[in-house]
Every structure is written in C-alpha cells, then in structure tokens.
Amino acid sequence: VKVPLSWLREFVDFPAEPRQLGEDLTFVGLALEGLEGRGSDAVLDLDVTTNRVDCMNVYGVAREVSVLYGVPLRPPDFSFPEAGPPASEALEVTIEAPDLCPRFCARVLDVRLGPSPAWFRDRLEAVGVRPINNVVDLTNYVMMEMGHPSHAFDLARVPGGKLIVRWSREGDRLTTLDGVGRILSGRVGVVAGTEAALALAGIMGGASSEVSDETRTVALEAAWWDPLSIRRASKALGMHTEASHRFERGADPEAPPDATARIAHLLAKIGAGTARPGLIDCRPVPRARRATTFRPARASAVLGTPVAEERARQILAGLGFGVKERPAAWDVEIPSWRSDVGREADLIEEVGRHVGVDRIPSTVPPSRGAEGLRPTQVATRAVREALVGAGLTEVINYSFVSDAEAGPHAPPRLRLANPLSEEQGALRSSLVMPGLVTTLRANLRQGRRDVRVFEMGRVFGSTSHGPAEEPRVAILLAGAVAPHWSAPRGTADFFDAKGVVELLARRLGAGPFTFETDGAPGFLHPGKAAVVSFGGRPRGFVGSLHPDVSEAWELRDETVVAELELEGLTRAPAAARFRPLPRSPAVSRDVSVVSEEGIPAAEIEARIRGAAGELLKEVSVVDRYVGPGVSPGQRSLTFSLVYQDPGRTLTGEEVQASVDRVVASLRAAGLEIRGE
Amino acid sequence: MPGSDRPAEGIVRELPRLRQDFDAALADVRDSEGLQEVRTRFLGRKSGELTLLFGRLGKLKDEQRREVGRELNTVKQEVESRLEARRAELETRLRDERLLRDRVDVTLPGRVPPVGRRHSLTVVREQLEDIFVSMGYEVYDSFPEIDDDFHCFEALNMPPDHPARDMQDTFYLEGGAALLRTHTSTGQIRYMLSNPHPPRVRIICPGKVYRRDDDITHSPMFQQLEGLVVGPGITLADLKGTIEAFLRALFGAEYPVRFRSSFFPYTEPSVEADLGCVVCGGRGCRVCKGTGWLEILGSGMVHPAVFEAVNQRLGRVVYDPEEVTGFAFGLGIERVAMMRHGVDDIRLFYGNDLRFLEQFHK
C-alpha cells in the first residue's frame with residue numbers, strides 16, 4: 001500500500017523523518033518496500049501482509065503510527081450538510097440474501113459531475129489510482145483513506161429506484177465496468193434492479209448503471225460482504241479488484257455508515273454536490289460482539305520477556321481494542337476492523353510487535369541432550385560421498401517428467417491434475433529414464449562429451465494403498481573416464497557402471513550383490529544389462545542404454561547407467577566386527593579355465609568355491625583371454641585362488657590337494673583347464 | 001761396475017715418459033671400455049707398460065731393486081688411484097646423462113582422477129543439517145512429498161478457502177485428493193502425530209517442495225528446511241536466539257540479523273528474519289533493493305490452532321497449548337545458495353548444466 005505522508009499527517013503527527021518512519025513500521029509488520037519523493041511529498045510503499053486488511057489504507061497505517069510513537073490519532077471528519085427530500089423517498093434497498101450481505105448502507109447524493117480538484121487527483125495518483133470523475137474519485141479516495149470500498153450507481157439508471165441484493169440466477173447477464181459481458185452462473189452475489197443484475201457484489205459495478213456525464217443523482221452503496229462469498233465469486237469469475245481484495249480478507253462491518261458519511265463530507269468539501277437527508281441502513285444480521293481474554297503473564301511467557309501491564313494496555317487500547325482489566329485475565333473486545341484477531345495468541349502478537357521483537361532478548365531453549373544423524377542418514381551421505389569420490393557429479397532433476405517420453409517400457413506414472421505443461425505432466429518413476437538421460441543430452445548439446453553424473457532422490461508410483469514414493473540412487477556414465485594425453489581415449493562401458501555399483505556395495509558393507517540378465521528394463525541393451533539383487537530381492541539394474549534409445553535421444557558414445565533402491569543399501573549392518581589379522585601368509589594359485597562364452601563366470605566361480613574346501617579365502621577373475629590356443633566361441637578365464645588359515649602356515653601339499661579337487665570338479669563339468 | 005748402473009737408470013728414466021703417456025691416455029678416456037683399455041695398457045698382467053718395468057727389476061742388485069721398486073710402487077699406486085677417480089667420475093657423468101634422458105615435461109597436464117562434486121544445494125543442506133544436529137536437533141526427512149490437504153493446509157490453520165492458500169499454488173495428482181507438498185511444514189504435523197517422545201519436539205525437516213510457479217526467482221520444485229521446537233516454556237526469545245545462532249554459523253558473525261513482525265497462518269506471533277545484505281554489506285544495493293537487508297526466513301510461535309488440529313487427529317490432548325509452546329521456522333535452501341554464490345536465476349540449480357555445477361568447489 002502506498003501512503004503519502006501529507007495524507008497521513010491529516011490523522012497523526014509523527015516525530016520521524018520519512019525513512020525512519022518506514023523502518024520503524026517495518027518492525028511492527030508493515031515492511032518498507034520503497035520510498036518515493038522527499039519531505040512532505042514523500043510516499044511510503046509498505047508491504048502489508050495478507051491478514052492486515054485494516055492497514056491497506058492511510059487511516060489504518062495512521063493508527064499503527066499513533067501506537068508506535070504514542071501520539072494521538074485524529075479521526076476523519078464525517079460531518080456534512082444534508083439537503084432535499086429524504087433519501088428513502090428515492091431509493092429502496094432489499095436484502096434477499098443475508099448470508100451474502102449482512103449489511104448494506106446507502107445514501108442518495110445530488111452531484112455536479114466533473115473532474116476532481118487537482119489536489120484530490122494528485123493524491124489519488126500518488127496511491128496509484130487513476131482519476132475518472134469526481135464521483136468515482138470520491139469512492140476511490142475513501143477506499144484508499146479508510147479502507148472501505150463503495151460503489152456509486154446512477155440513480156436514474158436504477159429501475160424504480162430499487163436495489164435488490166441477491167444471489168445470481170440462471171440466465172443473469174451483466175456487462176461489468178471493464179466492458180466485459182458476463183453470463184453469471186453458480187452462486188455469485190449481485191446487486192440487482194427489479195429485473196437485471198446491476199453490479200457484481202463486492203467486486204465490480206455494471207455498465208448499465210455507471211456514473212456518466214449525464215448523472216445528476218447517485219445511489220451510493222457501502223456494504224459489508226461475506227468474505228468467503230466474495231472469494232469464491234472472484235475466483236469463479238477470475239476477477240481480482242481492489243474491492244474484492246479487501247472484502248474477501250474481511251473488511252470492517254462497522255465501516256459502511258462512516259464510509260458514506262466521509263464521501264458526503266468530501267463531496268461537499270470539493271463542491272461537487274450534497275447528500276439528501278438520511279442513511280439507508282439494512283442490517284438483517286446484527287454483528288456479534290467479539291471478545292477474548294488476555295493474560296499479561298501468558299504474554300510474558302510466550303514472548304520470553306516480562307511485559308509491563310501498563311504498556312500492554314496502551315498498545316491494545318491504542319490499536320482500538322476495548323480493554324477491561326481484571327486480575328490475571330483481561331476481557332478484551334476486538335474492534336470491528338480487526339477480522340484477523342480472534343484469540344489470545346493474536347493479542348500477544350499485537351503486544352509483541354509494538355513492544356518490539358528487536359527488544360526481546362535472545363536465548364536458546366535448554367539442551368535436551370545430543371542428537372545425531374540416524375544410521376540411514378549417515379549411510380545416505382556415505383553413498384553420496386562414495387559416488388563423489390568415484391568422480392561423479394551430483395545432479396538434481398525435477399520430479400516432473402513428460403508422460404509422453406515414458407515410452408513403452410516404462411511403468412505407469414502418477415499424473416498431475418494441473419501441471420505447468422505437458423512436459424511436466426507426470427511424476428518420475430525412474431531416476432535414469434528420462435532424468436539422467438535428459439541431463440546427458442542437455443550437456444552433449446553444450447558440447448560436453450564426457451559425463452559422469454549421479455542423482456539421489458525419490459521416485460513415485462502407485463500401490464493398492466495409493467501413491468507411493470521411494471528413495472533411489474542412480475548413475476550415468478558416458479564418454480572417457482579420465483581422458484589424458486598419455487593414453488588413447490577409452491569410453492565407459494558396462495563394467496565401469498557395474499564397478500560403481502560394486503563400489504557402493506563395498507563402501508556400505510551391503511551385499512553380496514548378484515547380477516542376473518533376466519528382467520532388466522527394456523531401455524537397456526539386452527546383452528549388456530543386469531538386474532541387481534541383494535538382501536533377497538531385486539533392487540535395481542545396471543546396463544548400457546539400448547542402441548535404439550541412444551539413437552532416439554541422439555546420444556554419442558555408449559551410455560551406461562545404474563539405478564538402485566536406497567533402502568537396503570542404507571540399512572547396512574551395525575558397526576563392523578573386527579577380525580584378528582591372520583598370522584600366517586596367504587598362498588595363491590592361478591587356474592585357467594576354458595569355457596563357452598555363454599557360461600557365466602559366476603557359475604564357474606561357484607563351482608570352484610564348492611570344490612576347494614574351507615581353506616579357500618578368495619576367488620577372483622584376473623584375466624580373460626581369447627585367441628590362439630583357445631577355440632573360437634570360447635574364452636579362457638584365469639581365476640586367482642587365495643588360500644589362508646588364520647592360525648597356521650599351509651603346506652604345499654594341502655594347497656595342491658585343494659587345487660586338484662577344483663581341477664577335477666571343473667573337468668567333470670566338461671570344462672577344459674589350460675596349462676595343465 | 002758401471003754396467004750394473006745402467007738398467008736402474010733405464011727404468012727410472014722411462015718413468016716421466018710413462019707418466020706423460022698415462023696422463024694423455026686418461027685424458028682421452030670417454031667411457032668405461034676406454035678406461036679398461038688404459039688400465040690394461042699400463043697395468044695389464046702380461047704386457048702392461050708399468051708391469052713390464054716391474055719385470056725389469058729382477059735384473060737389478062738388491063739395493064737398487066729396493067730403491068727403484070719403491071719408486072715404481074709409488075707410480076703404480078698413483079696410476080691406480082687416478083684410474084679409480086676417473087672411473088668414479090665417469091660413472092657420475094653416465095648417471096647424470098641417464099637421468100637427463102629420463103626427464104619429463106613437468107608442464108604437461110597431470111593424470112587427474114575423475115573429479116566428482118556434490119550439488120551446491122546438497123552442500124548447503126548438509127551444512128544446515130550439521131549445524132542443527134550440533135544444536136541437538138533431530139533430522140526428520142522421511143515424510144512424504146506426496147501428501148494431502150490435512151497435513152499441508154488444514155492442520156496448519158489454513159482451512160479451505162483461506163486466502164493464504166493463494167500464496168501457495170498447489171499441484172494436485174489426478175483422480176484423488178493427493179497433492180505435492182507446498183512446504184516442508186507438513187513435517188511439523190507428521191512428526192507431532194508420530195512423535196516418539198511427546199510432547200517434546202526438536203527437529204528440522206529438509207526436503208523438496210512444489211509450487212506452480214516458474215520464473216527466475218521461482219522454481220516449480222525447490223527445497224526448504226523447516227524447524228520445529230515444542231516443549232514447556234519455549235518462547236519467542238528462544239526462537240530469536242536459535243535463529244541468530246544458526247545464521248551466524250551459516251554466514252559468519254559479520255552479518256547482522258534483524259527480526260520484524262510478519263504473518264503466517266500457522267504461527268502467532270509471526271516474525272521474519274532478515275540478514276544484513278551479503279552483497280553490499282548493508283550499504284544498500286540492487287540485490288537488497290537498497291534496504292541493506294535480505295529476507296532469509298519466516299518463523300514464529302506455533303499457533304495454538306496447529307496444536308489443536310494435531311490433538312484432534314490424535315483423539316486426545318497431547319499438545320496442550322496451555323502446557324506447551326513452540327516455535328517454527330522455514331527457509332529456502334536455494335535462497336541461501338543464491339546469496340552465498342551470487343546466483344541470480346534459481347532455475348540454474350535444476351538445469352544440471354555441468355558448466356554450472358562444476359563451478360562449486362565443495
């Protein structure tokens with residue numbers, strides 16, 4: 001809200017320079033957004049929070065200023081001369097919808113239409129209102145001054161001089177002052193004539209009864225509209241006006257008579273006309289007195305500083321609250337303009353902001369002992385650190401994806417009812433597809449070729465219980481791992497991705513992981529993909545993108561990816577148990593096994609483990625060979641077998657006996673042993 | 001016996017020439033083979049020039065033989081020591097030459113292991129978590145991103161049609177009442193409902209939130225960190241002290257903090273905290289719109305209506321507003337990162353352009 005200081009001074013004298021005033025108001029909740037002009041021409045631009053509709057006008061701000069500096073508040077002048085026949089002879093008001101309109105005040109004004117005086121127009125322009133003519137300007141002026149919107153009808157264009165407040169009916173049509181023809185449907189409040197709707201209640205007037213150069217007599221409306229009704233209507237109509245903004249937040253139900261009186265006063269003051277005698281005041285629903293209690297001790301306890309009772313009384317009374325001091329719990333009547341206040345907590349805020357939040361001391365709550373990250377949180381960080389350590393950069397994609405890009409292989413996605421765009425129409429069910437692939441493509445388009453990224457976040461899907469979400473980690477590698485002038489450029493392949501997965505298993509103490517070809521997602525290369533299982537069930541996948549997918553996404557090098565559930569990975573065992581270091585040396589033997597390419601290495605390894613006996617500690621593949629000496633379609637794998645007994649040194653004979661059993665077992669399975 | 005003198009004189013007379021020859025030969029030596037040739041020429045077992053002179057000693061009388069023999073031995077020792085010195089010298093030179101041949105161009109690039117980084121928002125989030133953990137807070141981050149109207153609005157004192165809902169345009173899921181949480185304040189409600197040690201609460205809730213907004217200062221997905229402390233005797237002074245302490249830990253003591261009244265439906269009183277502008281140091285600039293202050297977080301004392309809504313859902317009074325009070329605060333993680341790094345477009349954080357992500361060191 002914009003507040004010209006010259007206008008403010010009509011109601012309060014303040015002992016501060018404009019900037020100081022703005023800063024002081026900032027602390028009580030009216031944040032200074034800008035300061036235009038200087039000295040008496042200065043205009044404060046204050047950011048009023050949505051609850052303080054009472055401060056969206058000059059007088060409301062003046063009330064805050066008076067409490068801020070402890071100076072008196074001068075009410076506006078509501079006096080005016082009356083002339084002519086009683087208003088009630090020319091205008092009749094009927095409220096058919098008291099739920100919409102608990103109060104409707106009206107006056108009849110005889111006007112000489114024309115432009116407003118310069119000082120009047122200047123003020124309106126200073127607060128951002130475009131002057132139109134003296135009658136419309138008066139209603140706007142009083143809205144900016146007192147906060148209450150009002151509306152002027154050309155009485156000659158109100159059929160029969162009858163205004164009827166009702167809900168819209170089927171077939172109601174209205175051209176509003178913005179020139180838009182509207183067909184009213186649903187429950188929209190209107191001010192109607194005997195037949196047609198003349199104005200949208202609390203939102204905007206209608207063109208048919210608009211004040212024009214020919215207007216001689218005006219029916220001036222100042223009503224109080226039910227906030228929820230105005231809010232719903234303004235939403236349904238897609239209209240947001242200065243009037244609806246105020247009414248939907250709760251205007252002052254006691255303001256209508258004063259608003260009409262102030263307009264009548266100013267009408268006479270600028271010489272634009274006079275009011276006819278009498279106020280038409282329809283009030284089908286009397287307003288209930290609103291009161292609550294205030295305990296100074298409670299205020300002190302919540303604010304964390306002793307609040308002097310005298311100071312609390314000054315603040316509340318200055319803000320217009322009716323304070324009846326009683327022992328311990330005061331009875332406080334809430335002024336009609338404070339729709340935001342309803343209970344003691346609100347009064348404590350009123351006192352707190354004028355005592356000054358900056359004057360409240362700073363303490364910290366008493367310690368209740370130490371806290372730490374939970375084991376899963378520690379493990380989640382360990383996953384991230386392991387991936388960063390492996391040279392991957394963390395990315396964060398939106399949870400939104402396009403449903404169209406899901407492709408035939410993707411599981412069904414949860415869809416948004418009101419997405420910002422089709423491209424963000426669904427929630428992701430995978431981090432890799434399309435998230436990380438999109439990240440890769442975006443970076444390729446920037447000329448980047450080598451990309452090593454990971455993401456940790458939730459994916460979404462539905463279960464029989466409804467929507468579900470699950471934290472995951474995913475990686476994507478494309479291009480060279482660590483290109484260097486000393487070696488030819490290599491590109492990441494399946495085993496780089498698998499290696500990162502194995503790294504996670506080791507760093508997290510999870511596993512063992514198994515890798516099986518069946519059941520991998522369709523967007524992966526059928527020959528270079530595996531389902532990763534651990535803890536007894538599938539937990540994710542690793543593989544190269546299917547060449548068709550790479551082509552469709554215009555990717556360049558082979559792209560390898562992996563995605564794993566975080567749960568299980570992060571639910572690692574408790575602290576590792578120490579095993580005494582072996583006191584005797586390990587013995588290693590190599591065995592080279594020739595087999596069909598189709599036989600998984602894991603199968604051969606399992607056979608070795610089965611035959612070797614307890615002394616075997618580790619088996620690992622150390623070489624793979626194809627070429628002379630090995631038939632086409634076959635390959636030779638060299639396994640390194642490590643033997644150890646923690647307590648004693650092994651003899652050559654017992655190691656050889658184990659190797660012999662291994663060789664015999666492999667031969668029995670039809671495998672050839674090389675170099676034997 | 002004059003004839004008996006001659007052989008001795010002959011030997012002695014040859015020594016200067018031999019020395020001269022040795023000097024010349026040694027000077028010509030370039031490598032260990034050359035050195036061996038010189039050794040053989042002078043000290044060779046059969047025909048070394050010095051060896052031959054020793055052979056002629058036999059023809060001398062005892063007295064002369066001793067005298068000339070001593071002289072020859074002196075020469076031999078000298079030859080041997082000079083050969084050894086030359087050998088050492090040659091060896092040193094050869095090693096130096098070999099080292100010189102092995103040299104590399106140290107200005108060529110090193111073999112850098114692949115360099116990974118956490119996302120700059122993760123860095124901020126984890127730092128915030130660490131600060132609050134050190135202050136005795138529990139990190140509650142397992143509550144859902146897909147939530148419902150009760151946890152996101154109603155329990156937070158925003159009944160249907162409440163104007164404050166306008167501030168948070170919400171994404172809804174198709175075919176149901178599910179929505180994407182618009183703030184991490186849902187964590188307040190979820191934690192209080194499942195509190196393992198009621199009525200005390202001391203948590204922070206970091207997480208992603210969603211609002212229907214997309215411009216340089218708004219991203220439809222962003223991250224917040226909510227804090228909630230509930231217990232007997234918690235005050236607004238505690239709120240102030242806590243926020244000052246954590247802003248100091250986050251930004252350093254050189255930036256002042258101020259509090260001003262504000263409005264949030266679920267806190268009463270509500271206060272907003274501002275930090276002295278990190279760009280201009282409080283003098284006023286474009287970033288702080290000339291005020292010298294940057295809005296950093298919203299906070300306040302938990303509204304009694306929030307406790308009442310939780311109690312109602314629990315079916316009993318667990319958080320009696322007369323017995324316990326609390327404070328809550330919430331801040332945007334992107335905002336902290338933008339202030340810290342001078343980033344002017346929030347959408348960069350989610351564009352995943354490596355040229356952006358790789359600018360951050362930690």
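In what follows, chains carry the letters A, B, and so on, assigned in the order in which the sequence lines appear, proteins first and then strands, with residues in each chain numbered from 1.
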Side chain from CB out, backbone as N, CA, C, O: work out which of these in A/L303 comes under 4.5 Å of a heavy atom of chain B, or both, or neither.
both

Taking ring pair (Phe, Tyr, Trp, His ring centres under 6.0 Å) as the criterion, tell me which of B/F132, B/Y266, B/F264 meets it with B/F329.
B/F132

Does any backbone or side-chain atom of A/A301 lie under 4.5 Å from a heavy atom of chain B? Answer side chain, backbone, both or neither.
backbone

Using the side-chain hydrogen bond (donor to acceptor under 3.5 Å, both in side chains) rule, take B/Y191 and B/E138 through it: C-alpha gap first, then chi angles, then the decisive distance, then the call.
CA-CA 11 Å; B/Y191 189 91; B/E138 190 182 330; 2.9 Å; yes

Would you mind checking which part of A/R295 comes under 4.5 Å of any heavy atom in chain B, side chain (CB onward), backbone (N, CA, C, O), both or neither?
side chain

Greatest number of non-hydrogen atom pairs under 4.5 angstrom with chain A, of B/V112, B/L121, B/L180, falls to B/L180

A/N443 versus chain B, heavy atoms under 4.5 Å apart: side chain, backbone, both or neither?
side chain

By a 4.5 Å heavy-atom criterion (distance strictly below it), what part of B/L357 contacts chain A: side chain, backbone, both, or neither?
side chain

Do you know which of A/V395, A/T363, A/T49 has the most heavy-atom pairs under 4.5 Å to chain B?
A/T363

Given heavy-atom pairs under 4.5 angstrom as the criterion, report whether the side chain, backbone, both or neither of A/L420 touches chain B.
both

Given 3.5 Å as the limit, does a donor-acceptor pair link the side chain of B/R181 with the main chain of B/F143, or not?
yes

Okay, A/E350 and chain B: the region with an atom under 4.5 Å from a heavy atom over there is neither

Need one label for A/R384: side chain, backbone, both or neither, based on atoms under 4.5 Å from any heavy atom in chain B.
side chain

In terms of heavy-atom pairs under 4.5 Å with chain B, which of A/R52, A/E33, A/R381, A/M456 leads?
A/R381

Would you check if there is a donor-acceptor pair between the side chains of A/T293 and A/E344 at a distance under 3.5 Å?
no

What part of B/E272 is in contact with chain A, defined as an atom under 4.5 angstrom from a non-hydrogen atom: side chain, backbone, both or neither?
neither

Give the intermediate values and the outcome of ring pair (Phe, Tyr, Trp, His ring centres under 6.0 Å) for residues B/F222 and B/Y350.
CA-CA 9 Å; B/F222 59 104; B/Y350 298 104; 8.8 Å; no

Is chain A contacted by the side chain of B/E244, its backbone, both, or neither, given a heavy-atom distance below 4.5 Å?
side chain

Report the C-alpha distance between A/T463 and A/H465 in whole Å, list the side-chain angles of each, state the deciding distance to 0.1 Å, and finish with yes or no for side-chain hydrogen bond (donor to acceptor under 3.5 Å, both in side chains).
CA-CA 5 Å; A/T463 67; A/H465 309 298; 5.2 Å; no

Under a 4.5 Å heavy-atom cut-off, does chain A meet the side chain of B/D141, its backbone, both or neither?
both

Other residues, nucleotides, ligands: >12 heavy atoms within 6.0 Å of A/R19 CZ:
no

Most chain A-contacting option - heavy-atom pairs closer than 4.5 Å, from B/V139, B/T242, B/V133:
B/V139

Which atoms of A/V453 are under 4.5 Å from chain B, going by heavy atoms: the side chain, the backbone, both sets, or neither?
side chain

So which part of A/R232 gets closer than 4.5 Å to some heavy atom of chain B, the side chain, the backbone, both or neither?
side chain

With a 4.5 angstrom heavy-atom cut-off, is it the side chain or the backbone of A/L30 that approaches chain B, or both, or neither?
neither

Report the option among A/L427, A/D346, A/L387 that has the most heavy-atom pairs separated by less than 4.5 Å from atoms of chain B.
A/D346

Among B/E322, B/R260, B/R355, B/E174, which residue has the highest count of heavy-atom pairs closer than 4.5 Å to chain A?
B/E174

Evaluate A/H354 against A/E64 for side-chain hydrogen bond (donor to acceptor under 3.5 Å, both in side chains), listing each step before the verdict.
CA-CA 9 Å; A/H354 277 287; A/E64 290 290 330; 2.7 Å; yes

Does any backbone or side-chain atom of B/R111 lie under 4.5 Å from a heavy atom of chain A? Answer side chain, backbone, both or neither.
both

Of the backbone (N, CA, C, O) and the side chain (C-beta and beyond), which part of B/Q223 lies under 4.5 Å from a heavy atom of chain A, both, or neither?
side chain

Derivation and outcome, ring pair (Phe, Tyr, Trp, His ring centres under 6.0 Å), residues B/F259 and A/F27:
CA-CA 7 Å; B/F259 295 87; A/F27 282 99; 9.7 Å; no

Any idea which of A/V302, A/L373, A/I348 has the most non-hydrogen atom pairs under 4.5 angstrom with chain B?
A/V302

Can you say whether A/P419 sits under 4.5 Å from chain B via the side chain, the backbone, both, or neither, judging by heavy atoms?
backbone

Let's test your reading of the structure: which of A/I396, A/L392, A/L228 forms the most heavy-atom pairs below 4.5 Å with chain B?
A/I396

Counting only heavy atoms closer than 4.5 Å, note whether A/V28 contacts chain B via side chain, backbone, both or neither.
backbone

Strictly by modelled atom types, are A/Y398 and B/S219 linked by a side-chain donor-acceptor pair under 3.5 Å?
yes

A/A390 versus chain B, heavy atoms under 4.5 Å apart: side chain, backbone, both or neither?
backbone

Using a cut-off of under 4.5 Å for heavy-atom pairs, which of B/L236, B/T291, B/T235, B/D238 has the most such pairs with chain A?
B/D238

Does any heavy atom of chain A fall under 4.5 Å from the side chain of B/S134, the backbone, both, or neither of them?
neither

Quick check on A/T26 against chain B: is it the side chain, the backbone, both or neither that has a heavy atom closer than 4.5 Å?
both

